[in-house]
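Take a look at the structure set out below.
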Amino acid sequence: MSSDTAVEYEVAQGRSKSFYPRFERKDELQHQTHYCPGCGHGVVHKMLARAIDELGIQDRTILVGPVGCSVFTYYYFDLGNVQAAHGRAPAVSTALKRSRPESIVISYQGDGDLSAIGAAEILHAANRGENITVIFVNNAIYSMTGGQAAPTTLLGQKSTTTPEGRSALGEGYPLHESELLATLEAPVYIERVGLGDNKQIAQAARAIRRAVENQVRGLGFSLVEVLSPCPTIWKMQPVEAQHWVRDVMEKTFPLGVLRDRTREAQPRPAPATPPALEEIPRLLGLEHGERLVKDERQVLNLAGNGSALKRTGERARAAEVDLEVRIAGFGGQGVLLLGEVLAEAGLESGLEVSWLPSYGPEMRSGTSNCHVRLASQSIDSPLVSAPGILVAMNEPSLRKFDRTVRPGGWVIYNGEEFPADCVRPDVRVVALPFTKIAHELGDARASNMIMLGVLLEIAGVLPDASVAAALRRLVRNPRWVELDERAMAGGRARYREMFAEVHA
Amino acid sequence: MEAKKQDRGLLRIDRDECKGCGLCIEACPPKVIALSEELNHYGYRTAVYAGSGCTGCGICFMACPEPGAITVLRAVVHSAARTALEGSACASN
C-alpha cells in the first residue's frame with residue numbers, strides 16, 4: 001500500500017436541513033441559537049430535526065412552540081410554525097391535526113408549560129388519543145423566568161420560590177407527568193429519556209424518532225419526556241449539569257418506556273373531510289352575505305390627560321450630578337450586576353437613581369443591556385438614549401450603541417483593539433482586554449467589576465464607602481466580594497495609569 | 001517504513017457558533033477535542049479539534065447543542081483505500 005492513498009471525506013453528520021441556514025433573530029447572532037451553553041433544548045432540537053429529515057416530512061410538519069426558553073422554535077426550524085399561548089400547545093396541535101390531517105403536528109413543551117399551566121391541555125389531548133407527537137423537555141424548574149419551582153422540581157431542590165429546598169408538605173411531590181398519562185387508555189407510546197450521557201443521548205434520539213414515526217403511521221398519541229440539563233439555573237457547569245441529569249434527576253424520574261402499544265395499535269381513521277369554507281354560513285344557518293354586527297363604540301383613550309411628568313429639557317447644572325450610563329454585553333457577562341452596583345452605590349450616596357434592564361428571554365448568550373441614571377435632581381425617565389458613558393462588553397454591543405454616546409462622552413470597551421471604524425473624535429475611549437485581566441486576577445467573570453472600577457474613576461462622583469456598601473449588599477458570597485473589590489481596584493489603577501498625565 | 005494511517009473521521013468546528021460548553025469534549029470517545037486558549041468574537045473559549053485521531057463516530061455532534069457548530073466527516077472508502085484501511089484496522093486489533 002502506498003502512503004499517499006488519497007482519502008476523501010464526506011459529511012456524515014452536520015447541520016440538519018430542517019433548520020434554517022440562518023436564524024433571523026437578533027442582528028449579530030443569526031448563526032447560533034439563543035440557548036445558554038450546554039442547554040438541552042439545542043440537543044433535542046437537533047434530534048427532532050434529524051427525525052424529520054430522515055422521515056422526509058419537512059414539507060408537511062407543523063411545530064407548535066410553547067412559552068418558555070424554547071419559545072423561539074420558529075426562528076430555528078424551517079417547518080410550519082405556530083407559537084401557542086402558555087400551556088396550550090396540545091390544544092393548538094389538536095386543532096391543527098384535525099383540520100389538516102395530512103400534516104405531522106409536533107407539540108414542543110417544557111415542564112412548566114406542560115405540567116403546570118398546561119396540565120389540563122396535555123391530559124385531555126392524551127386522553128383523546130390525538131394523533132400528535134409531544135416532546136416534553138423536563139429540566140425540573142422554570143428557567144426562562146429565573147428559576148422558580150415547577151411541579152417537576154425535585155424534593156429538596158432549591159429554587160427561588162423554594163429557597164430551603166422543595167418540601168413535600170409545602171409544595172407537594174414532584175409530578176410524574178409521563179406516569180400519570182400512562183394510566184390513560186388512549187396514548188400509544190410514552191417514554192422517558194435523558195440527556196445525561198452518550199448512551200442516554202443515543203436512546204433519546206431513537207425515542208424522538210419513534211414518536212414522530214408513530215404519527216406518520218397514524219397510530220395516535222405519542223409523548224417523549226426528555227430529562228434535560230439547565231446549567232444556568234441549576235448554577236452548574238454544562239458537563240456537571242449533564243451528569244446531574246443522570247446521577248440525581250433520574251432517581252426521581254426513572255427512564256424507560258411507560259407505554260408502548262405501537263404493535264397492536266391500528267392506524268386511526270382519518271377524520272371526516274371538513275366542509276368547504278363557503279359552505280360554513282349555510283351550515284350555521286346564516287343567510288348568504290349576512291355579517292356580524294360590529295361594535296362601533298370607540299376605543300376609550302386610555303392615555304388620559306397626557307403625561308404627568310413634564311420634561312423640563314433643562315440639563316442639571318454642572319456642579320450637580322447627572323450621569324447617564326448604558327451598559328451592554330451578552331447575557332452572563334454581569335451587565336445587569338454592574339448596573340445594579342452602580343445604582344445601589346448612587347442610592348447609598350443620597351442620589352436619585354434609576355436602573356432599567358433590557359434583555360430577551362435568553363439567560364445567556366443573548367444581548368443584554370441596562371440603562372443607569374444617577375442624578376441630584378429627580379429623574380424624568382429611566383431611559384438612557386444618549387449615554388455619557390457606554391460600557392461595551394463585546395464588539396456587537398459596541399457597534400450597537402457607539403453612535404449614541406453623547407459628544408464629550410466615554411466608551412469603556414472590553415477588547416485590546418478598538419475597532420477603527422468606531423473611533424469618534426468627540427468620544428474618549430478606554431479599551432482594555434478586561435476578560436483577560438480578570439482571568440489573571442482569578443476569575444474571568446470579574447471583568448465587569450474591573451470595568452466598573454474604570455467607570456467610577458471617570459464619573460468621580462461616588463464615595464468609595466458607598467460603592468463598597470453597595471457591593472456587599474448585592475454580592476452575598478464573601479469570596480466574590482473580595483475578588484470583586486480587587487477587580488474594581490484593579491480597574492481604577494488601570495485608568496489612573498492611562499490618564500495620569502491628564503490629571504497631573 | 002510504515003504508511004501513515006489515515007483517520008476514519010474528520011471534524012469541523014465553527015468557531016463562531018460554538019459556545020464553549022464542553023459537552024463534545026466530554027462525549028468524545030477518543031478524546032480528540034479540547035477547549036481553545038483564545039476567545040472567539042463573542043468572548044467564548046471554543047472547542048477545537050486536535051487535528052488527528054477522529055474516528056467519525058459522530059457522538060460529539062449529537063452531544064453538541066448547536067445546530068451546526070460541529071460537522072463530522074467520514075472517510076469515503078474506495079476499493080483501493082479499503083484494503084489500506086482494513087489492513088490498519090486488523091493490525092490494531
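Every chain is numbered from 1, with letters handed out A, B, ... down the list of sequences.
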Self-check item: Evaluation steps, salt bridge (Lys or Arg N to Asp or Glu O under 4.0 Å), between B/R74 and A/E10
Solution: CA-CA 6 Å; B/R74 265 184 217 135; A/E10 65 180 22; over 6 Å; no

Could you check, using the six-membered ring where one of them is a Trp, whether [X] and [Y] have ring centers closer than 6.0 angstrom?
X	Y	value
A/F19	A/F77	yes
A/H34	A/Y76	yes
A/F72	A/Y35	no

Quiz prompt | Top of A/L195, A/N198, A/N394 for chain B proximity - count of heavy-atom pairs under 4.5 angstrom | solution =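 Top count of heavy-atom pairs under 4.5 Å with chain B: A/N198.
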
Which region of [X], side chain (C-beta onward) or backbone (N, CA, C, O), has a non-hydrogen atom less than 4.5 Å from a non-hydrogen atom of chain A, or is it both or neither?
X	value
B/C24	neither
B/L10	both
B/I25	neither

Quiz item: Are the side chains of A/P229 and A/N139 in touch, meaning some heavy atoms are under 4.5 Å apart?
Solution: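 Contact flag for A/P229/A/N139 side chains = no.
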
Taking every heavy-atom pair that is under 4.5 Å apart, which of [options] has the most such pairs with chain A?
options	answer
B/G58, B/G43, B/C18, B/A69	B/G58
B/G22, B/A63, B/A27	B/A27
B/D16, B/V72, B/T71	B/V72

At a 4.5 Å cut-off on heavy atoms, which part of [X] comes close to chain B: side chain, backbone, both, or neither?
X	value
A/H45	neither
A/F23	side chain
A/H243	side chain

Quiz item: Can you say whether the rings of A/Y413 and A/F418 are parallel (under 30°), tilted (30 to 60°) or perpendicular (over 60°)?
Solution: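 A/Y413 and A/F418: perpendicular rings.
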
Quiz item: Hey, mind stepping through A/D197 and A/K199 against salt bridge (Lys or Arg N to Asp or Glu O under 4.0 Å) and telling me if it holds?
Solution: CA-CA 6 Å; A/D197 56 28; A/K199 214 176 133 191; over 6 Å; no

